[in-house]
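Residue numbers start from 1 in every chain, and the chains themselves are labelled A, B, ... in the order their sequence lines are given, proteins ahead of strands.
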There are 2 protein chains.
Amino acid sequence: MILPGQNEPLECCEEREVHTDVLQEVRDALPDDELLYDLAELFKVFGDSTRIKILYALFEAEMCVCDIANLLGLTQSAISHQLRTLKANKLVRARREGKTVYYSLADQHVRSIVGQGMEHVME
Amino acid sequence: MILPGQNEPLECCEEREVHTDVLQEVRDALPDDELLYDLAELFKVFGDSTRIKILYALFEAEMCVCDIANLLGLTQSAISHQLRTLKANKLVRARREGKTVYYSLADQHVRSIVGQGMEHVME
DNA sequence: CAAACATATGAGCAACTGTTCATATGTTCA
DNA sequence: TGAACATATGAACAGTTGCTCATATGTTTG
C-alpha cells in the first residue's frame with residue numbers, strides 16, 4: 001500500500017485506496033470541531049474595525065465608555081454593545097469607579113494577536 | 001493645565017479642558033483608519049470556522065480543492081469560494097498541476113496568528 | 001427620595017456573509 | 001476535437017451582524 005509522507009501532495013479527487021487514508025490522517029490532526037469553532041469566534045471579534053479601534057485605544061490608556069464613543073464618533077450605545085462583546089470574549093475587562101466604568105485590556109495576549117495581524121497587513 | 005500620564009484613567013464624559021486634550025493624544029496614537037480597517041478585514045478572514053478548518057488542514061499538507069471539500073463535508077464550490085478569499089488575503093497560495101490545483105499556506109505568519117488565537121481560546 | 005449622569009440592554013432594520021445551484025473556464029487524453 | 005474531470009464564478013437566498021433608538025439599571029449628590 002502506498003503511504004505518502006506528511007508533506008507530499010495528497011492524491012486527488014477520483015476514488016482510490018490511498019486517497020481516503022491520507023484524508024483520514026489530516027482529519028485526525030485537526031483539532032475538535034468545537035475548538036475550531038471557538039477559535040473562529042475569537043477572530044470574528046477582532047474582525048470589526050470598531051472593535052479593533054477600541055482595542056487600539058485601550059493599548060494607550062484605560063478609558064471609559066463615553067470617552068471611547070467620543071473618540072470614535074459613535075453612540076455610547078454602540079460602544080457599550082461592542083465592549084460587551086469584547087468582555088464576553090475576555091479581551092477586555094471592566095472596572096467600575098462610581099458612575100463611570102473604565103475598560104482596559106484583559107491581558108497581553110490581545111496585544112500580540114493584534115500585533116501579529118498588523119505585521120501581516122503592513123507587509 | 002492638568003496633563004495626566006499615559007496610563008492614568010482619562011477624565012470622563014462631562015466637558016472639561018483636560019478631556020479633549022487627552023482624547024486627542026489617544027487619537028494621535030491610533031494608526032490610520034484605513035490601516036485599522038485592513039487589519040479588521042484580515043481578522044474577518046480568520047473569523048469563519050470553514051476557513052479556519054481549511055488553514056488547519058493546510059498546516060498538515062498541501063491539498064487540492066476536492067480533497068478539502070471531502071475533508072470538511074462541503075461542496076467543491078463552497079471550498080473554492082473560501083480559498084479565493086484566503087488567497088486574496090495572501091494567507092494561501094495556489095499551484096496548478098494539470099487539472100488539479102494544490103493550495104498551501106502562503107507563509108508562516110498565518111501559523112503564528114492562528115497559534116496565538118488558539119492559545120487564547122484554550123486558556 | 002428625586003434628579004442627573006454613566007452605562008447597559010432590547011428591538012428593529014439595513015448591510016453583509018456563507019452556502020448552494022447552475023454554469024463557465026481550463027486541462028488532459030483518447 | 002470532444003469527452004471527462006478539476007476548479008472557478010455568478011446569482012440568489014437564509015442567517016448573521018452592527019448600528020440606532022428608546023428605555024432600563026446602577027450610582028452619586030442635593
Inset, instruction - Would you please confirm or rule out a distance under 4.0 Å between OP1 or OP2 of D:dA6 and any side-chain N or O of B:Y103? - result: no
Legend entry - Below 4.0 Å: OP1/OP2 of C:dT19 and any side-chain N or O of B:Q82: yes
Just compare [options] and give me whichever is closest to any side-chain atom of [X].
X: B:R51; options: C:dT9, C:dG18, D:dA6; result: C:dG18
X: B:C64; options: D:dG18, C:dT17, D:dT7; result: D:dT7
X: B:R96; options: D:dT7, C:dT9, D:dC19; result: D:dT7
X: B:T50; options: C:dC5, C:dT19, C:dT20; result: C:dT19
X: A:D48; options: D:dC5, D:dG18, D:dT7; result: D:dG18
X: A:S80; options: D:dA8, C:dT20, C:dT9; result: C:dT9
X: B:L74; options: D:dC5, C:dT19, D:dT7; result: C:dT19

[X] [atom1] to [N] [atom2]: how many Å, rounded?
X: A:R84; N: C:dA11; atom1: CZ; atom2: C1'; value: 14 Å
X: B:R95; N: C:dT27; atom1: CZ; atom2: P; value: 15 Å
X: A:Y102; N: C:dC5; atom1: OH; atom2: C1'; value: 13 Å
X: A:L83; N: D:dC19; atom1: CG; atom2: C1'; value: 15 Å
X: B:K87; N: D:dT9; atom1: NZ; atom2: P; value: 8 Å
X: B:I79; N: D:dT9; atom1: CD1; atom2: C1'; value: 15 Å
X: A:K99; N: D:dT27; atom1: NZ; atom2: P; value: 12 Å
X: B:N89; N: C:dT17; atom1: CG; atom2: P; value: 11 Å

Inset, instruction - Using heavy atoms to find the nearest nucleotide of DNA chain D for B:A78 and A:E41 separately, return the residue whose nucleotide is more 5′. - result: B:A78
Inset, instruction - State whether B:D107 and B:R93 are salt-bridged, where the test is any N-O pair (Lys NZ or Arg NE/NH1/NH2 against Asp/Glu carboxylate O) under 4.0 Å. - result: no
Inset, instruction - Would you mind checking if A:K53 and B:D33 are paired as a salt bridge, meaning a charged N to carboxylate O distance below 4.0 Å? - result: yes
Legend entry - Derivation of the salt bridge (Lys or Arg N to Asp or Glu O under 4.0 Å) call for B:R95 and B:E97: CA-CA 7 Å; B:R95 172 180 74 82; B:E97 194 176 306; 2.6 Å; yes
Inset, instruction - Report yes or no: is there a donor-acceptor pair, N or O only, under 3.5 Å between the side chain of B:Q76 and the base of D:dA6? - result: no
Legend entry - N/O donor-acceptor pair, side chain B:S77 with base D:dT9, under 3.5 angstrom: yes
Legend entry - Ring-on-base stacking C:dT19 with B:H81 (under 5.5 Å, under 30°): no
Inset, instruction - Would you check if there is a donor-acceptor pair between the side chains of B:S112 and A:Q116 at a distance under 3.5 Å? - result: yes
Inset, instruction - Flag yes if B:Y37 and B:L91 sit in one hydrophobic cluster, no otherwise; membership is Ile, Leu, Val, Met, Phe, Trp, Tyr, and two members link when side-chain heavy atoms are under 4.5 Å apart. - result: no
Legend entry - Sole candidate of B:L35, B:D38, B:L42 that passes side chain to side chain contact (heavy atoms under 4.5 Å, CB included) when paired with A:M118: B:L35
